[in-house]
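Contents: one structure, followed by commentary.
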2 protein chains.
Amino acid sequence: MPAQRADARRNYARILAVAEEEVATHGADASLEQIARTAGVGSATVRRHFPTRHALLEAVFRERIQALATRAHELSEADDIRAALLDWLGALTVYSATVQGLATALLRAGELDPDHANPCVTPLAEAGEPLLRRAEQAGAVPPGVTPVDLVTLIAGIALAAQHHPDPATEATRLLHLTVTGISPPG
Amino acid sequence: MPAQRADARRNYARILAVAEEEVATHGADASLEQIARTAGVGSATVRRHFPTRHALLEAVFRERIQALATRAHELSEADDIRAALLDWLGALTVYSATVQGLATALLRAGELDPDHANPCVTPLAEAGEPLLRRAEQAGAVPPGVTPVDLVTLIAGIALAAQHHPDPATEATRLLHLTVTGISPPG
DNA sequence: TGCTAAGTGGCGGGGCCCTCCGTATCGTAC
DNA sequence: GTACGATACGGAGGGCCCCGCCACTTAGCA
């Protein structure tokens, strides 16, 4: 017996497809009602499949987050570990700044369920961990930095660049600034 | 003749006072209707005095922004210009992370009136300019950094730290990271 | 004290989010 | 092929919010 009925699965897919477009257009604040309307289902059905807005966003971004995680794993074995880390951070930045709503999803942690970790950040942080650790061991990164720090920081940068006419390049500029440091000591 | 009638001025003050509390509690998304209700005026009156939400936020934060600007002017004549800059950035960070809605107000530029500069950022950027310029001349800051960059970056950091249990210290930590650099060259 | 324009606020329209509950549909067992 | 039970659906209704309109009140000048 299927865990889900066939029509439920179909609706899930329809809703997700519509949500992707809608989020791409209107960002993380896209109207759930509008998504339901376009998908031709009742708004209750949307809420049934995605109990919270964040759950929907997570599903929408899952593939892209997975892609970034894969990238991190590949890069973690590169020769030049610093270049690899910067490469990954750059990709993360461009994604966050380009894909509407991603940065918001990364930051808006489980605001009301604080015990439950943000399911968008976690895979990224875990994937980036080896990369960061190797960089740290190579002395390319100051000690005490966590993967979550990096993801959080970059999401913040992306959000800050959101309003800019060209978010991706603006975010990349700001990233470059924080990589080299605003005012490195000594 | 007064540019405004006395009662209008009174209402303005009442609304602003209520808005300060309401924004302090609920952040930048505070309900304008709720503010109107608490202030004992119609919602139309709120909109008349503050045509946009951003206008209201600007008024709410004006004094604090002014204080930060003053601080920047004082610090711009300090002996240790790097310490002075970092001092200011730290203060800016703590404010942005602590005062509910400030970071949002700093980032949400004139989203619909792109020609008009963000009236929250501008005074800060102008005030920070001499400070930053001196720091740059002293070699404490890489060239090409603008005051707006700094304010934007810090607002982003504050927003990123928003969800954290202790936003101020988390934001300060992240600031420290971007000041020293994630992975400074050389 | 009257007049005029500045100022007010209630009302209605449009949305959105969320929940409840009667109903339709799927998948199975017969 | 049919009948049944669990699963899933979606419309209706309540609550809240933003926004614009327009008849009414009131402050301040003559």
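Each chain gets a letter, A, B and so on, in the order the sequences are listed, and its residues count up from 1. The figures that follow rest on heavy atoms only: side chains count, while hydrogens, waters and symmetry mates do not. These numbers were taken from a predicted model, which means no experiment stands behind them.
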Whole-Å gap separating [atom2] ([N]) and [atom1] ([X]):
X       : N      : atom1 : atom2 : answer
B:Arg37 : D:dG15 : CZ    : P     : 13 Å
A:Phe50 : C:dC17 : CZ    : P     : 15 Å
A:Gln4  : C:dG27 : CD    : P     : 11 Å
A:Asp29 : D:dC17 : CG    : P     : 17 Å
B:Ile35 : D:dC18 : CD1   : P     : 8 Å
B:Arg10 : C:dG7  : CZ    : P     : 13 Å

(request) For A:Ala44 and for A:Glu33, locate the closest nucleotide of DNA chain D by heavy-atom distance; then report the residue assigned to the nucleotide nearer the 5' terminus. (result)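 Of the two residues, A:Ala44 wins.
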Hey, does the side chain of [X] come within less than 4.0 Å of [N]'s phosphate (OP1/OP2), counting only N and O?
X       : N      : result
B:His49 : C:dT8  : yes
A:Arg9  : D:dA8  : no
B:Asn11 : C:dG7  : no
A:Ser31 : C:dG15 : no

(request) Assess the side chains of A:Thr38 and A:Gln34: does a donor N or O sit below 3.5 Å from an acceptor N or O? (result)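 A:Thr38 vs A:Gln34: donor-acceptor pair found between side chains.
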(message) Side chains of A:Thr146 and A:Asp149: any donor to acceptor distance under 3.5 Å?
(response)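 Result is yes, a qualifying pair exists.
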(message) Can you tell me how far apart CG (A:Leu175) and OG1 (A:Thr93) are? Round to the nearest 0.5 Å.
(response)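 A:Leu175 atom CG to A:Thr93 atom OG1 measures 4.0 Å (nearest 0.5 Å).
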(message) Any N or O donor-acceptor pair under 3.5 Å from the base of D:dG10 to the side chain of A:Arg47?
(response)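 Looking at the base of D:dG10, it does not pair with any donor or acceptor on the side chain of A:Arg47 (distance under 3.5 Å).
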(message) Quiz question: going by heavy-atom distance under 3.5 Å, is there a donor-acceptor pair between the base of C:dG9 and the side chain of B:Arg48?
(response)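 Answer is yes: a donor-acceptor pair is held.
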(message) Check this for me: B:Arg37, atom CZ, are more than 12 non-hydrogen atoms of other residues, nucleotides or ligands nearer than 6.0 Å?
(response)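 Enclosed: over 12 neighbouring heavy atoms sit under 6.0 Å from CZ of B:Arg37.
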(message) Assuming nearest nucleotide by heavy-atom distance, tell me which of B:Ala8 and B:Ser43 is located more 5' along DNA chain C.
(response)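 Closest to the 5' end, via its nearest nucleotide, is B:Ala8.
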(request) State, to 0.1 Å, how close A:Ser183 and B:Ala140 come at their nearest heavy-atom pair, and which atoms those are. (result)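 That closest heavy-atom pairing would be OG-O, 2.7 Å.
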(request) Please tell me if the side chains of B:Leu177 and A:Val145 come closer than 4.5 Å, counting only heavy atoms from C-beta onward. (result)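 B:Leu177 vs A:Val145: side chains touch.
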(request) Scan nucleotides 1-6 of chain D nucleotide by nucleotide, 5' to 3', and note B when protein non-hydrogen atoms come under 4.0 Å of the base, S if they reach only the sugar-phosphate, - if neither. (result) -----B
(request) Would you sort out whether B:Asn118 and B:His54 count as a side chain to side chain contact (heavy atoms under 4.5 Å, CB included), showing the intermediate values? (result) CA-CA 9 Å; B:Asn118 183 326; B:His54 197 272; 3.4 Å; yes
